[in-house]
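The structure appears right after this line, and notes come after that.
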Amino acid sequence: MDFKILGPIEVRAAHGKPIALGRRKQRVLLAALLLNAGKAIPSQRMLDWLWGERAPANAESNLYTYISALRRVLGTPSRIEAGSNGYVLRVAPGEIDVTLFEQLAAQGHQALSERRNDVALERLTRALGLWRAESVLEGLPLPAPLRGEAARLECLRATVVEATLEARLALGQHGEMLADLEALTRRDPLNERLRAQLMLALYRSGRRADALAVYQGARGMLVAELGIDPGPDLMRMHQRILADDPALAPPRASAARRAFAPAELPIDSPAFTGRAAEIARLQTALTSPGPGAIAISAITGAAGVGKSALAVHVAHQVADRFPDGRLYVNLHGSTPDVAPLDPADVLARLLRSLGDHTAVRADTDEAAARFRSLTDGRRLLLLLDNARDAAQVRPLLPASPTCRVLITARRMLTSLDAVAHFRLGVMGEDETSTLLGRLIGEDRAAADRRAARAIVRLCGGLPLAIRIAAARLVARPGLALRALADRLAVEDDRLSELQSDDRAVRACFMMSYRGLSAESSRMFRLLSLLGGSDISVAVAAALSDRSEARAADLLDHLADAQLLEACDHDRYHMHDLLRLFARERAREEEAEEDQARAVRRALHAVWTSPVPPVPCATASG
């Protein structure tokens, strides 16, 4: 919901439709609640605001009627809560324009004090853009206690206007802002700061005499109307113009130029398919404003499930919300035959992307501090793709709430604070069928729907497998879909078929497998021996000849590495392609006699179990 009070009062529903707010006193009541959002207002104070000393006998009953009516139009769950201390209007961060205005104004003033004039101008201009009129709650008569808060906001707006002019002068925009300055000084002729800014703009535009005339006019008006001389700032500007102070010269072009905004996102895939729910949730997480918003989002999931493709797709969709830049780094946490990047090297690269061209590999803590300074107050999106673990990511995180970070990783980064976690599962059959059609051409897929469906099923909903299969079909236009489906149907050959150029399902799985401990990797291999995809803790314990407690720990470790999926407290599911990979590793690393003994132990556990196993329900995208 969108609440607006910087101008006429207005409320819009989530889909943008305006909400009718009813009679005048009902709108005044909502205005009072909005000006005190999140604060409890006693009923008696509301009565005083609405009627003052002339409250009718049924005023309290009317107040309840107005509150009930507002609750109805604002919808459920109720926004107006009743408590022991009075009524409270609950609004989420970013739902009310005045909150965003004050945040942007504070950021703009801070950037201006630090001489980050381009950032200051962007923040201050956006803050002023939230005003739809020059007065708060325009057209709505407010009781005296509320007029003070409205006046405070209008004064803050005036300071933002002046700060915007200061930033524009610092950026060398003196010529194009003369008309604005002249109009503002006519409207507020006693404002000495505006007069000084107009004098400076005229002087920089080569109109020295006009600048001095502005001072004389201001001096005559102040003496005539107030009996005072101009203040020290205006007098100092007059003296500096008389002396042709070199410091008044326009800023050099290099100083006035707007900071370069990096745009480093990889190209979005035109064939991207599905994931509508995940996209919506990630967009909300990345764009929700306010101090309570989550700044870091992490997409985790098994190898080949499409984490990077989803992250890049979403990043492109929200890119316009980050005017100061979109940074991208592949951390190579799980890239075959490539070592994970060192955080110090990543920081040096990020600093160069932000304009610090002197940045070289330095102490990680020092570089991280410099990175936090450069990103402070800037609206940046940072995509950290393919992270190894939390330790690799932690030094790379900006501290400013204006930045957003999107991470992809195989393992859950649970030791990072305040992270929104998004676990990505395999895609549904309809989505993967659509993806295959987009990659190989709809006509080719439609020519043999049954074979196309077989390819999709044999790829197990794994986007990487689908893309590799499609790449093989594209590379060989004469290869029939049925021929590829038949090849994939041979389990011992399937992983070998799912490789093309520099992409291979087997190689991606190997990266996760190599990160396991010896005991966990042995458990992973043994799980493939029974042929099924689902397994209980009891059977896994028998397979590995370990206690059930130890077996449960090992299964959890495999789930953390995204090599298993936990179904409930004692059952796990292994993806079909992972099962084939595990079987390959068992043949390579386990003696035949050890495999046979493990199978006998597991079968005995199944036969003696009082409860038959129940298959897991696999997750889909």
Side-chain angles (χ1 to χ4, degrees), residues 1-103 129-154 156-157 280 284 287-293:
M1 192 164 282
D2 196 9
F3 298 92
K4 298 179 183 294
I5 63 173
L6 300 179
I9 190 169
E10 183 180 302
V11 180
R12 290 183 178 269
H15 48 70
K17 183 179 180 181
I19 294 175
L21 300 176
R23 63 187 72 178
R24 181 178 62 84
K25 284 195 180 296
Q26 193 167 299
R27 286 183 283 121
V28 171
L29 177 59
L30 178 59
L33 290 166
L34 286 169
L35 287 170
N36 295 273
K39 302 175 184 176
I41 307 176
S43 300
Q44 186 56 52
R45 188 178 303 168
M46 290 185 176
L47 294 172
D48 292 340
W49 286 347
L50 293 176
W51 287 283
E53 296 180 355
R54 300 180 179 178
N58 61 346
E60 192 167 345
S61 175
N62 287 346
L63 174 63
Y64 297 150
T65 299
Y66 296 150
I67 289 175
S68 297
L70 285 175
R71 282 173 170 161
R72 282 195 302 274
V73 300
L74 297 180
T76 56
S78 178
R79 295 290 189 128
I80 304 175
E81 300 175 0
S84 57
N85 295 322
Y87 291 96
V88 181
L89 176 66
R90 300 295 183 190
V91 295
E95 284 191 316
I96 181 169
D97 58 358
V98 68
T99 303
L100 182 56
F101 166 71
E102 291 184 304
Q103 290 172 352
L130 295 170
W131 286 74
R132 295 164 295 115
E134 293 190 4
S135 58
V136 175
L137 297 162
E138 185 175 79
L140 192 65
L142 295 176
L146 296 181
R147 286 200 295 270
E149 176 62 12
R152 181 190 72 82
L153 292 170
E154 289 159 12
L156 179 57
R157 179 182 183 275
T284 300
T287 59
S288 295

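Computation of the quantities below employed the complete heavy-atom set of this structure, encompassing side-chain atoms and omitting hydrogens, waters and symmetry-equivalent molecules.
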Return the [atom1] to [atom2] distance between [X] and [Y], rounded to the nearest 0.5 Å.
X	Y	atom1	atom2	result
I5	L35	CD1	CG	4.5 Å
L74	I67	CG	CD1	11.5 Å
T99	I96	OG1	CD1	5.0 Å
L140	L142	CG	CG	5.5 Å
E10	R12	CD	CZ	4.0 Å
L6	L153	CG	CG	7.0 Å

Query raised in the report: Can you name the residues that form a ring pair (Phe, Tyr, Trp, His ring centres under 6.0 Å) with Y87, not counting sequence neighbours?
Result: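 If we apply the ring pair (Phe, Tyr, Trp, His ring centres under 6.0 Å) test to Y87, skipping adjacent residues, there are no hits.
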
Query raised in the report: Which is it for L29 and M46 under the side-chain contact (heavy atoms from CB on, under 4.5 Å) test, yes or no, and what are the steps along the way?
Result: CA-CA 7 Å; L29 177 59; M46 290 185 176; 3.7 Å; yes

Report task. Only counting residues at least two apart or in another chain, list the ones meeting salt bridge (Lys or Arg N to Asp or Glu O under 4.0 Å) with E138. Result ->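 Testing E138 for salt bridge (Lys or Arg N to Asp or Glu O under 4.0 Å), a comparison that skips the adjacent residues, returns none.
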
[X] and [Y]: which non-hydrogen atoms are nearest, and at how many Å?
X	Y	value
V91	A37	CG2-CB, 3.8 Å
P143	V28	CD-CG1, 4.0 Å
Q26	A69	OE1-CB, 3.3 Å

Requested in this report: Output every pair passing side-chain hydrogen bond (donor to acceptor under 3.5 Å, both in side chains) with a member in residues 144-154, not counting sequence neighbours, ordered by first then second residue.
Outcome: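 Applying side-chain hydrogen bond (donor to acceptor under 3.5 Å, both in side chains) to every pair that reaches into residues 144-154, excluding sequence neighbours, yields E102-R152, E149-R152.
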
Hey, could you give me each pair passing salt bridge (Lys or Arg N to Asp or Glu O under 4.0 Å) that has a residue in [range]? Not counting sequence neighbours.
range	result
residues 55-77	none
residues 25-36	none
residues 28-44	none
residues 77-92	R79-E95, E81-R90

**Report entry** CA sep, side-chain torsions, deciding dist, call: N36, L146, side-chain contact (heavy atoms from CB on, under 4.5 Å)
**Finding:** CA-CA 9 Å; N36 295 273; L146 296 181; 4.0 Å; yes

Requested in this report: Measure up the Y66 and W51 rings against each other and bin them: parallel (under 30°), tilted (30 to 60°), perpendicular (over 60°).
Outcome: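 Plane angle under 30°, so parallel.
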
Requested in this report: Please tell me if the side chains of S43 and L63 come closer than 4.5 Å, counting only heavy atoms from C-beta onward.
Outcome: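 Result yes, sub-4.5 Å side-chain heavy-atom pair found.
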
Query raised in the report: After noting the C-alpha distance and the side-chain angles of L137 and L34, does the key distance pass the side-chain contact (heavy atoms from CB on, under 4.5 Å) rule?
Result: CA-CA 11 Å; L137 297 162; L34 286 169; 5.8 Å; no

Query raised in the report: Which is it for F3 and D97 under the side-chain contact (heavy atoms from CB on, under 4.5 Å) test, yes or no, and what are the steps along the way?
Result: CA-CA 6 Å; F3 298 92; D97 58 358; 6.0 Å; no

